[in-house]
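Okay, structure first, notes after.
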Amino acid sequence: MKILDTKYDHKKVEKGQYQRWLDIGCFKAGEDTSKEPYCIVIPPPNVTGKLHLGHAWDNTLQDIITRYKRLKGYDVLYLPGMDHAGIATQAKVEEKLREQGISKYDIGREEFLKVSWQWKEEYAGHIREQWEAMGVGLDYSRERFTLDAGLNKAVNKVFVDLYNDGLIYRDYRIINWDPVAKTALSNIEVIHQDDPGKMYYFNYKVKETDDSFTVATTRPETMFGDVCVVVNPKDERYKHLIGLHAINPANHEEIKIIADDYVDMEFGTGAMKCTPAHDPNDFEIAERHNLEKPICMNLDATMNKLAKEYEGLDRFECRERLTKRIKEEGNLIKIEDIVHPVGHSERTNAVIEPYLSMQWFVKMKPLADEVLKYQEDPNEKINFYPARFERTFNQWLENIEDWCISRQLWWGHRIPAYYHKETNEVYVGLTPPKDIENYVQDEDVLDTWFSSALWPFSTLGWPENTDDLNRYYPTSCMVTGYDIIFFWVARMAVQGRYFTKTYPFKDCLIHGLTRDYQGRKMSKSLGNGIDPMDVKEQYGADSLRFFLSTNSTPGQDLRYIEEKVESTWNFINKLWNASRFVMLNLLEEFDYDNYDIANLSNIDKWIISKLNKTIEIVTENMDKYEFTIVGSELYNFVWNDFCSWYIELCKTELNSDYKDGAIYTLHTVLNAILKLLHPFMPFVTEKIYLGLNPSEETIVTSKYPKIIEIKEFDLNEIEQLIDVIKSLREIKVENDLKPSANIDFIVKDNDDNIINPSLVNKEIVSKMARSKWASSIDGELSIRPIINGKLCVLSSQLIDKETEILKLSKEKERLESEINRSNKMLGNENFISKAPKAKVDEEKSKLVNYKREYDIVLNRLNELKKL
RNA sequence: GGAGGUUUAGCUCAGUUGGGAGAGCAUCUGCCUUACAAGCAGAGGGUCGGGGGUUCAAGUCCCUCAACCUCCACCA
């Protein structure tokens, strides 16, 4: 039998363990198909860099669930994979090339993709190392990548099918243009933030009359793309101008003054300039009035030739110079400082330019409606934990807009659309057109999230009808952050429903974001990010995992508090040392499997009954993903019930006739503890488990602890014993006695009969309270209530009567108020008649006990006063 | 404009069908008791953001106000 080191050393414990698990193959799914399948697919991290604390949290939660299910006897598939992360990765690769003085255009598309794949391989390696470091139990034989050949097949099929079903179309529309990444973005990739800006008021002269009026804008440079001025038809101020022409102060060209209901008379000056190619609302107006839609900017947000002398200038530079010129011409009325929402690119932070452009879109409404319909069916819906996120999910789907899916990038799934060189006819198909020489393929790739949306089923082999797909799909649970419900969760639901006719996962566990100790979001710019690998170095992966999983409620953000990780380390150290104690006392030859539990002492039965209760609570809450409750339950059971009480109590038993029972109990309870804690702290529990059970291969695939049925036993005896010890310790502190001081005492039951202590209990008290439990005693006794009886202490050993009176008076006061409260409740007829009977009975028995204790206290007080 | 979250001990947070306010850390006191001093044994500390209501009973349910935070939408 291995005796553990005197101190928990996380580095030593974790070293080599993961590799051993892989060698054993205990994370491999499908080994025993008689078991019920359980499946979680990992949210694929981007291959752009290191994993951060948020990933560590996310993966820990998944790993806890899958390890738990494995112990419960499921055939668990926890499927790993990564995301090609189109824009993000391409930006990184471009940056790397730029450092070498190379532009992507220098090397061309094909070569660029080669470099990108190399990048992917490098970062995939880093990510796997981090998974390993955190102990995440993945089945690497099934690892997937959102850009691998299989997924490409899935992506193409989805694109082609949706196209053929009329749910994907190509159109010329206003999209969000990122002028830095030079690609279109979807609406949710645009972050609206309130930025300081300016509102410019310009004077517009009317061509036909001497009138003039004022138009306000925040983007003067777009005036080069203006086609008209719009007013509300009901606006008395401008009615007479409708149909006339105004002079655009930017280019001095005349533009029509038209009327449209869209214009809000209350806002600004009530007269609005209209730039159809650079504003979605203006685009709508132009459509209604059949107007031109001239584009006045290049793709890099510099001005084009429409801007005349400003051609080639950056849009913001143009804004300034143009304003200055208009001012010089006397047409600038005023400039107001304002704060207004401005769209920024999620990836590059560039100010988004609404831009008229030909792109591919998914018609989302019919797809979303289908998901919403099934969300009303309890058997078909996705269950969110916590439930409130279902509302977020539903609301987004209810108000969904079409999804712009084409991206002007190279790194991604190339769109399977081909255009005839002469006729411009569009061909969309799984295979290129037969006369491919007459066609060119679309240059664009698909939004990264287009492939991520297929992740739960594409990773299992869809569209092929694979064994894995049949066995593990729909998956059991998705664990992810609330920040990607729209980006990812909703889209998986949509595509899953359309293509697999079911939900992609039954449960969806949502967690929050990690924050620093001040509650700030962890970000690169603040430099307040925590590297999980640093934490592992200092406290070990097990400490970090337990901290991450047991310190917040589902859906809530989590602050990184180092002291809490440290306290987890202490907890593990406690477990470590308790295990040491157990192992030091085990016997080489002991048949645990055939030990007759009828021989156990009441002390043994007491801890086993506590363990049973703990197993019950833990199991119930594991199934509800309430890991904080599980954590505190286990912390309390291990530290207080097992370490502070049972281990101390059993030390005496180990030197008695009850030795075998104590050994059996130590072994059994510790094994159960290890299994219950294993999902949270896999490394240390494995290490101890193997020491405790030398013939076992791993705890990973061991059996979840069962409730141990114990025959009737006297719970009260142990509860009373513990109360005796606690009371004696309190008495010593109250009376300024040294912990080592002896107190002579007897215990009486409620009928005033002296309890004759067992030999073991006598010894236990002597050890744990350093006091002598007598069978009879002479002299004046100080009496206080304990569980099921009275503790009678030789009062000559106490310092003085005053302290005792003080203590008892306080106690009397407390009991009086409790009795009052209880009497009031039980005297209330409404309570008696309306409250559940169990509650009433509980209250009645409480009252009986209060009264019993009160009598004891009162008697002793009266006695003291007489003296 | 719409939706949601938070407010409980000095700090960070639990508190799940309403039924006597909890943990960790910090603080105070005393202990090397042979698994553990990163430990052991004790202790102090909260009118559960304010105000109303429902109920026999409210930290918990309803209304309202306040502060902070997040998401969605957005008007030139």
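This one's a predicted model, so the numbers in the text were calculated from it and none came from an experiment. We name chains A, B, ... by the order of the sequence lines, and we start the count at 1 in each one.
Using a 30° and 60° split on the angle between ring planes, F486(A) and W396(A) fall in the parallel class, below 30°. Ring orientation note: the planes of F680(A) and F627(A) are nearly perpendicular, at an angle over 60° on the 30°/60° scale.
Under 4.0 Å is where a charged nitrogen must lie from a carboxylate oxygen, and between E537(A) and K11(A) at least one such pair does. Using a cut-off of 4.0 Å between Lys/Arg side-chain N and Asp/Glu carboxylate O, K613(A) and E616(A) are scored as salt-bridged. Between R315(A) and E353(A) a salt bridge is recorded (basic side-chain N to carboxylate O distance below 4.0 Å). A salt bridge links R784(A) with E734(A); the closest basic N to acidic carboxylate O contact falls under 4.0 Å.
The gap from the C1' atom of U55(B) to that of C63(B) amounts to 16 Å, rounded to the nearest Å. Nucleotides G53(B) and C11(B), compared at atom P, are 31 Å apart to the nearest Å. Spacing between C62(B) and A73(B) at atom C1', rounded to whole Å, works out to 29 Å. With both ends at atom C1', the span from G30(B) to C69(B) equals 45 Å, rounded to whole Å. Here, C75(B) and U6(B) have their P atoms 31 Å apart, quoted to the whole Å. Using C1' as the reference atom, U12(B) and G46(B) are 16 Å apart when rounded to the nearest Å. The separation of G24(B) from A9(B), taken at their C1' atoms, amounts to 12 Å, rounded to a whole angstrom. Taking the C1' atoms as reference points, A66(B) lies 11 Å from G51(B), given to the whole Å.
RNA chain B forms stems at B:1-7 with B:66-72, B:10-13 with B:22-25, B:27-31 with B:39-43, B:49-53 with B:61-65, each a run of 3 or more consecutive Watson-Crick or G-U wobble pairs whose two key distances fall under 3.5 Å.
Residue pairs satisfying the salt bridge (charged side-chain N to carboxylate O under 4.0 Å, His left out) criterion with at least one member in residues 548-570 of chain A, sequence neighbours excluded, are listed as follows: R515(A)-D557(A).
Atoms CG (N636(A)) and P (G22(B)) sit 13 Å apart, rounded to a whole Å. In this structure, the CD atom of E734(A) is 10 Å from the P atom of G44(B), given to the nearest Å. Atom pair K810(A):NZ and A43(B):P shows a separation of 11 Å (rounding to whole Å applied). The CD-P distance, from Q395(A) to G2(B), rounds to 12 Å in whole Å. The interatomic distance linking K834(A) (NZ) with C56(B) (P) rounds to 4 Å, in whole Å. Distance OH (Y8(A)) to P (G39(B)): 15 Å, rounded to an integer number of Å. For E562(A) and A38(B), the CD to C1' distance is 14 Å, given to the nearest whole Å. Going from atom CD of Q538(A) over to atom C1' of A38(B) covers 13 Å, rounded to whole Å.
Atom CG of residue L649(A) and atom CD1 of residue I725(A) lie 5.5 Å apart, to the nearest 0.5 angstrom. The structure places CZ of R729(A) at 15.0 Å from CG of L737(A), a figure rounded to the nearest 0.5 Å. To the nearest 0.5 Å, the span separating OG1 on T652(A) from CD on E763(A) amounts to 6.0 Å.
Around the CD atom of E829(A), the shell of radius 6.0 Å holds no more than 12 heavy atoms that belong to other residues, nucleotides or ligands. For K293(A), the NZ atom sits in a packed shell: over 12 heavy atoms of surrounding residues, nucleotides or ligands are nearer than 6.0 Å. Applying the 6.0 Å contact sphere to NZ of K846(A) captures more than 12 heavy atoms from other residues, nucleotides or ligands. Within a 6.0 Å sphere centred on CD of Q193(A), other residues, nucleotides and ligands contribute more than 12 heavy atoms.
Among A3(B), G19(B), G42(B), the nucleotide with an atom closest to any side-chain atom of E730(A) is G42(B).
Between the side chains of N528(A) and Y517(A), no donor N or O sits under 3.5 Å from an acceptor N or O. Side-chain atoms of R391(A) and N394(A) form no donor-acceptor pair, as typed in the model, at a separation below 3.5 Å.
OP1 or OP2 of G42(B) has at least one side-chain nitrogen or oxygen of R729(A) nearer than 4.0 Å.
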What pairs of nitrogen or oxygen atoms, one from the protein and one from nucleotides 57-59 of chain B, lie under 3.5 Å apart?
none

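Residues I333(A) and F202(A) fail the side-chain proximity criterion, which asks for heavy atoms closer than 4.5 Å.
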Readout for nucleotides 26-36 of chain B: B = base within 4.0 Å of protein heavy atom, S = sugar-phosphate only, - = neither; 5' to 3' it is ----S--B-BB
If a protein heavy atom is under 4.0 Å from the base, mark B; if only from the sugar-phosphate, S; if neither, -; do that for nucleotides 11-16 of chain B going 5' to 3'. -BSSSB
Would you mind building the protein contact string for nucleotides 70-76 of chain B? One character per nucleotide, 5' to 3', B for base within reach (heavy atoms under 4.0 Å), S for sugar-phosphate only, - for untouched. -SS-BBB
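Note on M768(A): nothing from the nucleic acid sits closer than 4.0 angstrom, heavy atoms only. Within the nucleic acid shown, N828(A) comes within 4.0 Å of sugar-phosphate atoms alone, with no base atom in reach, counting heavy atoms only. Here W569(A) lies in heavy-atom contact (under 4.0 Å) with a base.
Remark: K651(A) is positioned above the aromatic ring of F581(A), its terminal NZ or CZ atom under 6.0 angstrom from the ring centre and at most 45 degrees off the axis.
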